[in-house]
K.L.:
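Mind looking over this structure? Questions follow.
For ligands, and for the atoms within them, numbers begin at 1 and follow the listed sequence. Atoms considered below: every heavy atom in the structure, side chains included; atoms not considered: hydrogens, waters and symmetry mates.
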Amino acid sequence: MTGNAPTTEQVSSLLDDRDLVVVSNREPYSHEYEDGEVTVSRPAGGLTSALDPVMQSVGGTWVAWGSGDADHAVTDEGGRVGVPPESPAYTLRRVPLSDERVEGYYYGYSNQVLWPVCHLDTAKVNAREEFWQQYREANRAFADAVCGEAGDDPVVWFQDYHLALAPRFVKANRPDAFCMQFWHIPWPSRDVFRACPQYERLLEGLLGNDLVGVHTDAYCRNFLDCAAALPGATVDRATRSVVYDGHRTFVRPFPLGVDADHHRDLARSDAASRFWREFGDRHGLADVAVALGVERLDYTKGIPERLAALERLWETRPAWRGELTYVQKASVSRGEIPAYQRLQERVRSEVERINDRFATDDWQPVVYVEDHLPQTGLAALYREADLCLVSALRDGMNLVAKEFIASQVQDPGVLVLSELTGASEELGEEALTIHPRDTHGFADAIERGLRLPSDDRSRRMCELQRQVHASDVYAWLDAQFRTVRAIRRGRQRATPPRGR
Ligand code: GDG
């Protein structure tokens, strides 16, 4: 946690000292068996590692799927365990889900229906009836766990698209709860959202919240358009709110940021320098320009489109052969789903083909890494890269772009950014903006980035860093908790005092 993190007093006062219950699919700590011993995995993702210190300081409850194989061996009879394990500061309540439920709820409905719909790829939707049943049941299980844990008047904060139905289930049981949800992926237009057969049920579930947060203004408008078409719902665009079933839900953009100070410090660390010395030597990166891509192997991230632009560059501007190496850090993700398996095969075979086509005795065009890197390793790649290429076909925000910016502690690099990311709303002016399917324009932008004069690079990076530090993950938390307080104050004023 860095100096920008809110103090216990700040968070508690914004929440009026009410209990905070965070609910997410992934858990912040998981217990696994390793050679018969129980070991603990630490928070990994950006969001988990930002919320964990907040939870440690305010001490609430985190409800999540217990996915580790030793998870249920260390909990009490109610599924609870204190975390962090060495000095417990808050309660992790683990929700057990059978393999069949995970298959249908997570790999099925969440990632083969909601994910493609929200990323505007409706051809990939696989709307099997049993996926929906499992999604409903899993949401019911999360909601039951929340109701079992929450004290009086809690603030319950749901994360993401895995939990669209849970807020209404919670609200039905616990009308005293203030329910809020952050939707981390894009919210599509109404026409696209209707590709999902249960779109009305999903909206009803989400409108059980008091506050729904999305990354951008555009997603906020799309959400209101969808709600306006729900029978029985009334949308008030002036207050950006929806009244449904007698209850008002506010919808607001809260662009997520990263812990920028932390990423800057990682990039300055000795461990990052050591990592780079070894990595750079192994892959012959000392005397070439380096372009970098970092992502899960997901069809929304535009990896084949990026490889096509790089191939075009090496093909039409051969001076860059031997001068520019592209490093692709790719993590296997959702490998049980056929569309993801196809993408993995396609990316690996394209990398091989491009390397076969252009490689020389002492130069390899694409360095492809699937290993999970330590944070310092990733920081080293960000720091040393001359270009970061983000070419998503759709992306709710894209934190890689922001992590790259925060890690520019030496000679500043250049961000090449897809206009189809949420991040483009904030960073598009100082990044080199591309359309990922315009191969020619994309190749031009790569070359332009490589030739950008140093004063132009510094000016752009300075502005980008100002932006990323000003809108970091703690500003994101603060904006949401302030909105919670404003909504609650507004409601208290609207309620006539009792007994008069
Ligand atoms: C979803 C939305 C939205 C990757 N490889 C390694 C590693 N990573 C970390 C990165 C970054 C994270 O993974 C990826 O975050 P993104 O935001 O780019 O993408 P999604 O996973 O799709 O996230 C997205 C986000 O939610 C938050 O709301 O921005 O639009 O799709 O933090 O650093 N980290 C380490 N080693 C790796 O090898 N340590």
Side-chain angles (χ1 to χ4, degrees), residues 24-26 41-51 110-111 114-121 157-162 181-188 213-216 218-219 253-260 262-263 266-267 269 271-272 275 279 292-303 306 327-334 340 343 367-383 385 388-407 415 417-418 420-427 468 471-473 476-477 480:
S24 66
N25 174 60
R26 289 268 175 230
S41 302
R42 303 273 141 183
L47 181 70
T48 326
S49 38
L51 284 180
S110 297
N111 288 323
L114 283 173
W115 180 269
V117 166
C118 289
H119 289 87
L120 280 61
D121 196 346
W157 190 14
F158 298 95
Q159 299 296 325
D160 231 350
Y161 60 101
H162 315 91
Q181 186 145 14
F182 192 81
W183 192 264
H184 289 262
I185 63 177
W187 191 281
V214 289
H215 286 295
T216 70
Y219 306 155
F254 300 107
L256 177 57
V258 297
D259 187 341
H262 177 61
H263 284 282
L266 283 170
S269 69
F275 181 93
F279 188 90
L292 173 70
V294 177
E295 45 263 308
R296 291 181 300 102
L297 280 164
D298 193 296
Y299 54 80
T300 60
K301 300 289 183 184
I303 303 172
R306 190 179 318 157
V327 177
Q328 174 68 60
K329 168 70 241 318
S331 317
V332 171
S333 170
R334 306 174 191 169
Y340 285 76
L343 178 83
V367 171
Y368 183 71
V369 182
E370 281 191 1
D371 302 333
H372 183 80
L373 299 182
Q375 279 205 321
T376 45
L378 198 55
L381 297 187
Y382 284 142
R383 185 185 77 184
C388 180
L389 307 182
V390 175
S391 55
L393 305 175
R394 288 286 158 187
D395 215 332
M397 173 53 73
N398 192 285
L399 297 182
V400 165
K402 296 187 170 184
E403 292 169 6
F404 168 73
I405 292 166
S407 310
L415 174 64
L417 180 62
S418 162
L420 304 176
T421 59
S424 178
E425 267 199 20
E426 293 167 277
L427 311 176
V468 162
S471 307
D472 68 0
V473 64
W476 176 79
L477 280 169
Q480 281 169 97

K.L.:
Heavy atoms only, cut-off 4.0 Å: how does Trp115 contact ligand 1, side chain, backbone, both, or neither?
P.N.:
side chain
K.L.:
What do the steps show when you test Met397 against His184 for side-chain contact (heavy atoms from CB on, under 4.5 Å), and what is the final call?
P.N.:
CA-CA 8 Å; Met397 173 53 73; His184 289 262; over 6 Å; no
K.L.:
Given Glu295, His263, Lys301, identify the one with the heavy atom nearest to atom 19 (O) of ligand 1.
P.N.:
Lys301
K.L.:
Among residues at least two apart in sequence or on other chains, which ones pass ring-ring contact (aromatic ring centres under 6.0 Å, His included) with Trp183?
P.N.:
Trp187
K.L.:
Could you check whether Asp121 and Tyr299, counting side-chain N and O atoms only, form a donor-acceptor pair closer than 3.5 Å?
P.N.:
no
K.L.:
Just checking, any donor-acceptor pair under 3.5 angstrom between side chains of Glu425 and His215?
P.N.:
no
K.L.:
I'd like to know if Trp183 contacts ligand 1, where contact means a heavy-atom distance under 4.0 Å to any ligand atom.
P.N.:
no
K.L.:
Going by the order shown, which atoms of ligand 1 are within less than 4.0 Å of some heavy atom of Gly396?
P.N.:
30 (O)
K.L.:
Taking 4.0 angstrom as the limit, do Glu426 and Lys402 come out as a salt bridge?
P.N.:
yes
K.L.:
What are the atoms of ligand 1, with element, lying closer than 4.0 Å to any heavy atom of Val400?
P.N.:
18 (O)
K.L.:
Which word best sums up how the rings of Trp476 and Phe182 line up, parallel for under 30°, tilted for 30 to 60°, or perpendicular for over 60°?
P.N.:
perpendicular
K.L.:
For atom 16 (P) of ligand 1, tell me which residue out of Ile185, Leu399, Val473 has the closest non-hydrogen atom.
P.N.:
Leu399
K.L.:
Which part of Val294 is near ligand 1, with near meaning a heavy atom under 4.0 Å away: side chain, backbone, both or neither?
P.N.:
side chain
K.L.:
Would His119 count as being in polar contact with ligand 1, using the rule that some N or O on each side must be under 3.5 angstrom apart?
P.N.:
no
K.L.:
Against heavy atoms of Leu256, which atoms of ligand 1 measure under 4.0 Å?
P.N.:
27 (C), 28 (O)
K.L.:
Would you check, one step at a time, whether the test side-chain contact (heavy atoms from CB on, under 4.5 Å) holds for Tyr382 with Ile405?
P.N.:
CA-CA 8 Å; Tyr382 284 142; Ile405 292 166; over 6 Å; no
K.L.:
Can you name the atoms of ligand 1, numbered from 1 with element, that are less than 4.0 Å from a heavy atom of His215?
P.N.:
28 (O)
K.L.:
Do Asn25 and Tyr161 have side-chain N/O donor and acceptor atoms under 3.5 Å apart?
P.N.:
no
K.L.:
At a 4.0 Å cut-off, with the gap strictly under it, does some heavy atom of Arg296 reach an atom of ligand 1?
P.N.:
yes
K.L.:
Which atoms of ligand 1 sit under 4.0 Å from any heavy atom of Ser331?
P.N.:
5 (N)
